[in-house]
Engineer: 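This is the structure, below, for whatever I ask next.
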Amino acid sequence: MDYLKAFIVGGLICVVGQILVDKTKLTPARILVSFVTAGVFLELFGIYGPLTDFAGAGASVPLTGFGSTLCRGVIKAIEETGALGILTGGLTAAAAGISAALLFGFLTALIFKSKPKK
């Protein structure tokens with residue numbers, strides 16, 4: 001049942017993204033930033049935490065989950081260190097994901113040769 005919940009919630013998030021790609025003139029970069037920002041605001045208003053508890057990876061893996069992680073990290077760091085947490089909290093909370101993205105991006109660049117668009 002957990003897999004089904006994750007599949008449905010993650011799929012719905014992807015459907016929203018696909019609708020934005022197909023029906024708007026937003027660039028993919030703006031859509032990605034919008035998803036991260038939406039995750040921040042949904043976490044800030046207490047909506048994304050219960051969604052993550054319900055759907056697990058279906059809610060935590062998409063970009064909205066990254067925004068939620070950043071927001072939770074900032075809130076925790078502000079409680080622990082004060083205003084300095086605004087600058088350090090998000091990166092501390094998301095450090096593993098950011099490091100993995102950098103490492104795998106670097107390895108992919110070593111393995112494959114980029115080609116210019118025609």
Side-chain angles (χ1 to χ4, degrees):
M1 193 62 166
D2 290 337
Y3 292 125
L4 182 62
K5 290 190 269 185
F7 177 77
I8 290 171
V9 172
L12 288 174
I13 292 170
C14 292
V15 165
V16 170
Q18 190 62 51
I19 290 170
L20 290 172
V21 167
D22 293 343
K23 302 292 182 186
T24 68
K25 294 185 187 253
L26 291 172
T27 63
R30 289 183 183 200
I31 293 170
L32 296 175
V33 170
S34 299
F35 270 73
V36 173
T37 306
V40 169
F41 282 109
L42 289 173
E43 182 66 36
L44 189 62
F45 294 123
I47 299 168
Y48 211 80
L51 183 63
T52 303
D53 293 340
F54 173 76
S60 64
V61 171
L63 281 172
T64 48
F66 180 67
S68 170
T69 300
L70 290 174
C71 184
R72 272 188 273 121
V74 169
I75 291 170
K76 181 180 175 190
I78 288 173
E79 290 171 355
E80 292 174 358
T81 62
L84 183 61
I86 295 170
L87 300 173
T88 62
L91 291 177
T92 302
I98 294 169
S99 298
L102 288 171
L103 175 66
F104 290 121
F106 177 71
L107 291 175
T108 302
L110 289 177
I111 295 169
F112 298 101
K113 184 175 181 177
S114 65
K115 298 174 188 168
K117 282 188 170 183
K118 294 181 182 181

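Count residues from 1 along the sequence.
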Engineer: Hey, could you give me the OG/CG distance between Ser68 and Leu42, rounded to the nearest 0.5 Å?
Structural biologist: 8.5 Å

Engineer: Assigning hydrophobic clusters by single linkage (Ile, Leu, Val, Met, Phe, Trp, Tyr; side-chain heavy-atom cutoff under 4.5 Å), is Val9 placed with Val40?
Structural biologist: no

Engineer: If Ile, Leu, Val, Met, Phe, Trp and Tyr residues are connected whenever their side-chain heavy atoms lie under 4.5 Å apart, and connections chain through other members, are Val16 and Phe54 in the same group?
Structural biologist: yes

Engineer: What closest approach, in Å, do Pro62 and Ala57 show between heavy atoms, and which atom pair accounts for it?
Structural biologist: CD-O, 3.8 Å

Engineer: Atom NZ of Lys5 and atom CG of Asp53: how far apart are they, to the nearest 0.5 Å?
Structural biologist: 10.0 Å

Engineer: Flag yes if Leu63 and Ile98 sit in one hydrophobic cluster, no otherwise; membership is Ile, Leu, Val, Met, Phe, Trp, Tyr, and two members link when side-chain heavy atoms are under 4.5 Å apart.
Structural biologist: yes

Engineer: As an exercise, state the distance from NZ of Lys25 to CZ of Arg30, rounded to the nearest 0.5 Å.
Structural biologist: 13.0 Å

Engineer: Calculate, to the nearest 0.5 Å, the distance between atoms SG and CZ belonging to Cys71 and Phe45 respectively.
Structural biologist: 9.5 Å

Engineer: Please give me the minimum heavy-atom distance between Gly85 and Ala77, naming the atom from each residue.
Structural biologist: CA-CB, 3.5 Å

Engineer: Looking at CD1 of Ile75 and CD1 of Ile78, how far apart are the two atoms once the value is rounded to the nearest 0.5 Å?
Structural biologist: 7.5 Å

Engineer: Side-chain heavy atoms under 4.5 angstrom apart, residues restricted to Ile, Leu, Val, Met, Phe, Trp, Tyr: same cluster for Leu102 and Leu32?
Structural biologist: yes

Engineer: Quick one: do Val61 and Phe66 satisfy side-chain contact (heavy atoms from CB on, under 4.5 Å)? Show the steps, please.
Structural biologist: CA-CA 7 Å; Val61 171; Phe66 180 67; over 6 Å; no

Engineer: Grouping I, L, V, M, F, W and Y whenever their side-chain heavy atoms are under 4.5 Å apart, do Leu44 and Ile47 come out in a common cluster?
Structural biologist: yes

Engineer: Would you give the length of the straight line joining atom CG of Leu70 to atom OG1 of Thr37, rounded to the nearest 0.5 angstrom?
Structural biologist: 10.0 Å

Engineer: State, yes or no, whether a side-chain contact exists between Thr64 and Val36 at a heavy-atom distance under 4.5 Å.
Structural biologist: no

Engineer: Could you tell me whether a side-chain N or O of Tyr48 sits under 3.5 Å from a main-chain N or O of Ala59, the two making a donor and an acceptor?
Structural biologist: yes

Engineer: Pair Gln18, Val15 - check side-chain contact (heavy atoms from CB on, under 4.5 Å), show working.
Structural biologist: CA-CA 5 Å; Gln18 190 62 51; Val15 165; 5.7 Å; no

